[in-house]
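Heads up: numbering here begins at 1 and tracks the sequence.
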Amino acid sequence: MTPRVSLLAAGAVAVAVVLLLAAPARASNDEGDALYALRTRLSDPNGVLQSWDPTLVNPCTWFHVTCDHASRVVRLDLGNSNISGSIGPELGRLVNLQYLELYRNNLNGEIPKELGNLKNLISLDLYANKLTGTIPKSLSKLGSLRFMRLNNNKLAGSIPRELAKLSNLKVM
Ligand SMILES: *[C@@H]1O[C@H](CO)[C@@H](O)[C@H](O)[C@H]1NC(C)=O
């Protein structure tokens with residue numbers, strides 16, 4: 001090797017080392033982590049969540065998950081999926097979510113108040129489950145919400161007065 005070639009080679013090695021150090025094996029994806037946390041709390045006898053592989057770079061190729069062009073999760077479609085367990089606070093981290101479709105399952109526990117963080121939510125469909133507790137007041141922060149179907153659960157109390165200010169909302 002001439003000195004010049006070996007200098008180039010050394011430079012290439014240095015660049016490669018820097019790139020390796022800068023890029024972890026899997027860039028962390030908070031939306032994927034939140035969905036995977038949901039998966040771990042659910043019982044899934046029909047295997048609808050089997051494609052939810054947390055080692056992928058993002059959850060956009062997982063079945064029942066839809067992303068926008070910027071790889072942000074905008075839909076979760078798990079209606080009629082025979083899943084049970086509680087919803088949990090993690091879904092409140094899917095801040096780009098527009099459609100949360102969890103109807104006709106066996107979900108129990110309370111509606112997490114963290115769902116009030118889903119500022120872009122258009123449709124919240126939790127009907128026909130076994131949800132208990134009251135409807136969180138925090139849902140009144142969902143300024144984009146147009147459809148909220150919570151019927152056929154075991155919810156107590158009434159619809160919080162705060163939700164009346166959501167003028168586009170149809171509650172069923
Ligand atoms: C739902 O899951 C239960 C097991 O928990 C199973 O017995 C039942 O057949 C499943 N229902 C459907 C429609 O797949």
Side-chain angles (χ1 to χ4, degrees), residues 22-150 152-155 160 162-163 166 168-169 171:
R26 174 190 180 275
S28 88
N29 179 286
D30 190 57
E31 296 186 323
D33 293 346
L35 284 168
Y36 196 71
L38 174 70
R39 180 186 174 173
T40 60
R41 64 166 67 243
L42 295 178
S43 160
D44 175 26
N46 293 24
V48 300
L49 307 177
Q50 246 164 24
S51 67
W52 288 23
D53 176 355
T55 65
L56 297 178
V57 64
N58 64 42
C60 299
T61 57
W62 298 1
F63 288 175
H64 315 292
V65 175
T66 306
C67 293
D68 65 6
H69 61 277
S71 300
R72 298 174 303 199
V73 175
V74 293
R75 290 192 71 111
L76 183 59
D77 287 285
L78 289 169
N80 263 318
S81 299
N82 208 14
I83 48 177
S84 56
S86 62
I87 300 176
E90 310 83 27
L91 283 185
R93 283 153 52 193
L94 300 174
V95 291
N96 302 293
L97 203 62
Q98 297 175 11
Y99 294 84
L100 179 54
E101 307 298 326
L102 298 174
Y103 57 87
R104 291 205 185 99
N105 286 296
N106 296 308
L107 298 170
N108 55 35
E110 303 201 353
I111 299 174
K113 63 178 187 312
E114 288 79 4
L115 295 189
N117 298 334
L118 305 180
K119 298 281 162 53
N120 295 298
L121 202 64
I122 294 170
S123 174
L124 175 62
D125 280 319
L126 304 178
Y127 63 89
N129 278 289
K130 295 172 179 159
L131 299 169
T132 53
T134 55
I135 301 173
K137 286 190 181 67
S138 62
L139 298 188
S140 65
K141 294 190 291 180
L142 301 177
S144 305
L145 198 62
R146 299 205 32 222
F147 306 100
M148 181 169 80
R149 284 168 282 228
L150 305 177
N152 291 39
N153 278 292
K154 298 174 179 169
L155 296 168
E162 289 79 0
L163 268 74
L166 300 175
N168 290 324
L169 180 63
V171 179

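In this structure, CZ on Arg104 lies 13.5 Å from CG on Asn82, to the nearest 0.5 angstrom. We find the CZ-CG distance between Arg72 and Leu94 to be 13.0 Å, quoted to the nearest 0.5 Å. Taken from CG in Leu115 to CG in Leu126, the straight-line distance is 7.0 Å, to the nearest 0.5 Å. Interatomic distance, Asp33 CG to Leu38 CG, rounded to the nearest 0.5 Å: 12.5 Å.
No side-chain heavy atom of Val65 sits less than 4.5 Å from a side-chain heavy atom of Glu31. At least one side-chain heavy atom of Leu150 sits less than 4.5 Å from a side-chain heavy atom of Ile111. Side-chain contact between Leu91 and Leu76 is present, with heavy atoms from C-beta onward closer than 4.5 Å. Put simply, the side chain of Leu49 does not reach to within 4.5 Å of the side chain of Leu35, judged on heavy atoms. Within the 4.5 Å cutoff, no side-chain heavy atoms of Val48 are placed close to those of Asn105. Considering only heavy atoms from C-beta on, Leu142 comes within 4.5 Å of Leu118 through its side chain. Using a 4.5 Å cut-off on side-chain heavy atoms (C-beta onward), Asn29 and Val57 make no contact. Side-chain contact between Asn96 and Val73: absent, with no pair of heavy atoms (C-beta onward) separated by less than 4.5 Å.
Between Tyr36 and Trp62, the angle of the ring planes goes over 60°, which puts this pair in the perpendicular group of the 30/60° scheme.
Around NZ of Lys141, the count of heavy atoms belonging to other residues, nucleotides or ligands within 6.0 Å exceeds 12. Heavy atoms of other residues, nucleotides or ligands lying less than 6.0 angstrom from CD of Gln50 number 12 at most.
Side-chain N or O atoms of Asp77 include none that pairs as donor or acceptor with a backbone N or O of Glu101 at under 3.5 Å.
Just one residue in the list Arg146, Arg75, Arg149 forms a salt bridge (charged side-chain N to carboxylate O under 4.0 Å, His left out) with Asp125, and that residue is Arg149.
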